[in-house]
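All remarks here apply to the structure that follows.
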Protein chains: 2
Amino acid sequence: MTDTFVSNPSFFKLDATLKKLRNYWQKMFDAQQKDITVDQWLLIENLYKHKKTTHNELARNTSKDITTISRIIELLVKKGLVKREADVQDRRKVYLQLTPAGVDKYKDVRSLVYDMRKIGWKTLTETDYAELTRILDTIYANIP
Amino acid sequence: MTDTFVSNPSFFKLDATLKKLRNYWQKMFDAQQKDITVDQWLLIENLYKHKKTTHNELARNTSKDITTISRIIELLVKKGLVKREADVQDRRKVYLQLTPAGVDKYKDVRSLVYDMRKIGWKTLTETDYAELTRILDTIYANIP
DNA sequence: TAGCAACTGTTGCTATGGCAACTATTGTTT
DNA sequence: AAACAATAGTTGCCATAGCAACAGTTGCTA
């Protein structure tokens with residue numbers, strides 16, 4: 001492993017790419033008056049797929065801190081997109097699920113998100129995608 | 001391009017990997033009492049390389065918002081690691097550079113950062129690194 | 001059964017990220 | 001020269017990120 005290799009800023013490139021993606025998504029959301037943030041979208045998408053989950057599960061699924069989940073959910077509840085439901089057996093637990101308005105929001109935003117994903121990948125192949133996945137997974141696994 | 005391909009969460013993977021990297025770096029900084037954050041380190045590294053820059057240049061070089069630069073620099077000035085110097089020609093401009101303590105901090109943290117970069121890449125090759133760079137650069141270029 | 005550990009979620013604090021509005025300065029135009 | 005546009009940086013606001021401390025609940029164990 002050369003010195004150049006070690007000192008080359010992959011951290012920086014990851015950060016820059018992610019920021020550009022996030023900004024682009026947010027600008028498109030805003031331009032089409034979707035009235036949500038990118039991270040709020042990620043939680044909505046996850047809640048649509050899992051129907052009924054807890055804060056903890058959502059945190060694991062989205063790779064977010066549980067305090068962040070707590071606060072984003074609070075915003076989504078205020079917007080009427082998510083509802084909380086206490087567990088009968090375990091009174092510590094709170095189940096989260098999309099309201100009908102939340103499901104509508106998911107369906108409304110989904111196609112825009114698909115289009116944006118296509119844009120990011122337009123000049124890349126499925127092999128590239130597999131490579132990126134493999135490398136990122138490896139880095140992830142390498143970190144203690 | 002298949003539907004699976006489009007809907008697969010590369011955004012999520014980028015985000016998760018970057019977070020894990022950032023957390024690991026921060027924990028190592030804290031464990032060794034470096035008394036800086038990861039982003040503060042990135043600015044110090046940049047200021048070491050460019051010796052004398054403005055907020056604007058720093059923002060471009062680090063892919064950060066200029067308001068974020070302004071605030072991080074404020075923290076670094078308070079820590080005595082950076083000093084501001086007004087331009088004589090253009091009184092809107094402020095030049096930034098490391099203080100001697102800032103240079104010491106850079107030298108103190110550098111080897112730790114090198115080691116951590118090695119850890120992230122330990123099971124990957126230079127070809128992998130080139131691939132990641134190529135793919136991320138392409139995604140970056142694809143986004144409007 | 002009393003005590004304690006583990007678990008679920010919230011709140012406070014600080015840092016980063018991004019947009020809009022603002023001040024101050026400089027450059028351009030007429 | 002006056003008016004205006006462009007530039008450099010700061011501040012206010014809200015959202016996300018993560019740590020520590022906390023409250024309430026549940027499960028385990030002496």
Side-chain angles (χ1 to χ4, degrees), chain A residues 11-12 15-31 34-44 53-60 62-79 82 84-96, chain B residues 11-12 15-31 34-44 53-60 62-79 82 84-96:
Chain A
F11 185 99
F12 168 75
D15 189 45
T17 307
L18 188 60
K19 263 183 209 155
K20 191 155 181 190
L21 269 171
R22 196 185 294 271
N23 285 352
Y24 173 59
W25 284 38
Q26 189 62 58
K27 284 202 170 93
M28 293 293 278
F29 283 179
D30 292 348
K34 298 304 187 191
D35 191 34
I36 50 170
T37 66
V38 174
D39 295 283
Q40 285 164 23
W41 162 253
L42 294 175
L43 292 208
I44 289 172
T53 47
T54 63
H55 291 70
N56 257 327
E57 277 185 277
L58 211 44
R60 275 194 299 274
T62 57
S63 200
K64 288 181 182 302
D65 196 89
I66 191 171
T67 57
T68 303
I69 296 290
S70 189
R71 283 164 182 138
I72 297 180
I73 289 296
E74 177 63 22
L75 293 174
L76 292 175
V77 167
K78 275 183 188 156
K79 286 181 181 172
V82 168
R84 300 189 182 97
E85 195 184 327
D87 186 5
V88 194
Q89 264 76 46
D90 187 340
R91 285 192 297 163
R92 291 169 303 185
K93 274 192 186 172
V94 179
Y95 286 114
L96 304 168
Chain B
F11 184 98
F12 168 76
D15 189 46
T17 307
L18 187 60
K19 264 183 208 154
K20 191 154 182 191
L21 270 170
R22 194 184 295 271
N23 284 352
Y24 173 58
W25 284 37
Q26 189 62 58
K27 284 202 170 94
M28 293 293 278
F29 284 178
D30 292 348
K34 299 304 186 190
D35 190 35
I36 50 169
T37 66
V38 174
D39 295 284
Q40 285 165 21
W41 161 253
L42 294 175
L43 292 208
I44 289 172
T53 48
T54 62
H55 290 70
N56 257 325
E57 276 185 277
L58 210 43
R60 275 194 300 274
T62 58
S63 200
K64 288 181 183 303
D65 196 88
I66 191 172
T67 57
T68 303
I69 297 290
S70 188
R71 282 162 182 139
I72 297 179
I73 289 296
E74 177 62 22
L75 293 174
L76 291 176
V77 168
K78 275 183 188 156
K79 286 181 181 173
V82 169
R84 300 190 183 96
E85 194 184 327
D87 186 6
V88 194
Q89 264 74 47
D90 187 340
R91 284 193 298 162
R92 291 169 304 184
K93 273 193 186 171
V94 179
Y95 286 114
L96 304 167

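The chains referred to below are lettered A, B, ... by the order of the sequence lines, with proteins before strands, and numbering in each begins at 1. In this text, all values refer to a predicted model and were calculated from it rather than measured experimentally.
Scanning for side-chain hydrogen bond (donor to acceptor under 3.5 Å, both in side chains) contacts around A/N23 gives an empty result, with sequence neighbours left out. Residues passing the side-chain hydrogen bond (donor to acceptor under 3.5 Å, both in side chains) test with B/D90 are B/R92, sequence neighbours excluded. Taking A/D65 as the reference, A/T67 meet the side-chain hydrogen bond (donor to acceptor under 3.5 Å, both in side chains) condition, with sequence neighbours excluded. Considering only residues two or more places apart in sequence or on other chains, A/D87 meets the side-chain hydrogen bond (donor to acceptor under 3.5 Å, both in side chains) condition with none of them. With sequence neighbours excluded, the residues forming a side-chain contact (heavy atoms from CB on, under 4.5 Å) with A/V94 are A/H55, A/R84, A/L96, listed by chain and number.
For the pair B/E85 (side chain) and B/Y95 (backbone), a donor-acceptor distance under 3.5 Å is absent.
For D/dA30, the paired nucleotide is C/dT1, the pair qualifying as Watson-Crick or G-U wobble because both relevant distances are below 3.5 Å.
Taking only side-chain nitrogens and oxygens, A/R91 comes nearer than 4.0 Å to OP1 or OP2 of D/dT26.
Taking atom CZ of residue B/R60 and atom C1' of nucleotide D/dA8, one finds them 11 Å apart after rounding to whole Å. Across the protein-nucleic acid pair, A/D90 atom CG and D/dG27 atom P stand 7 Å apart, rounded to whole Å. The nearest whole Å value for the distance from the CD1 atom in B/I44 to the P atom in C/dA15 is 14 Å. Look at CG on B/L96: it is 11 Å from C1' on D/dA8, rounded to the nearest Å. Atom pair A/Q89:CD and C/dT8:C1' shows a separation of 16 Å (rounding to whole Å applied). Taking atom CG on A/L18 and atom P on C/dT16, their separation rounds to 17 Å, with Å as the unit. Rounded to whole angstrom, the span from the CD atom of A/Q26 across to the C1' atom of C/dG17 amounts to 11 Å.
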Letter per nucleotide, 5' to 3', of nucleotides 9-19 of chain D [B base touched, S only sugar-phosphate touched, - untouched; heavy atoms, 4.0 Å] = SSBBB-SSBBB

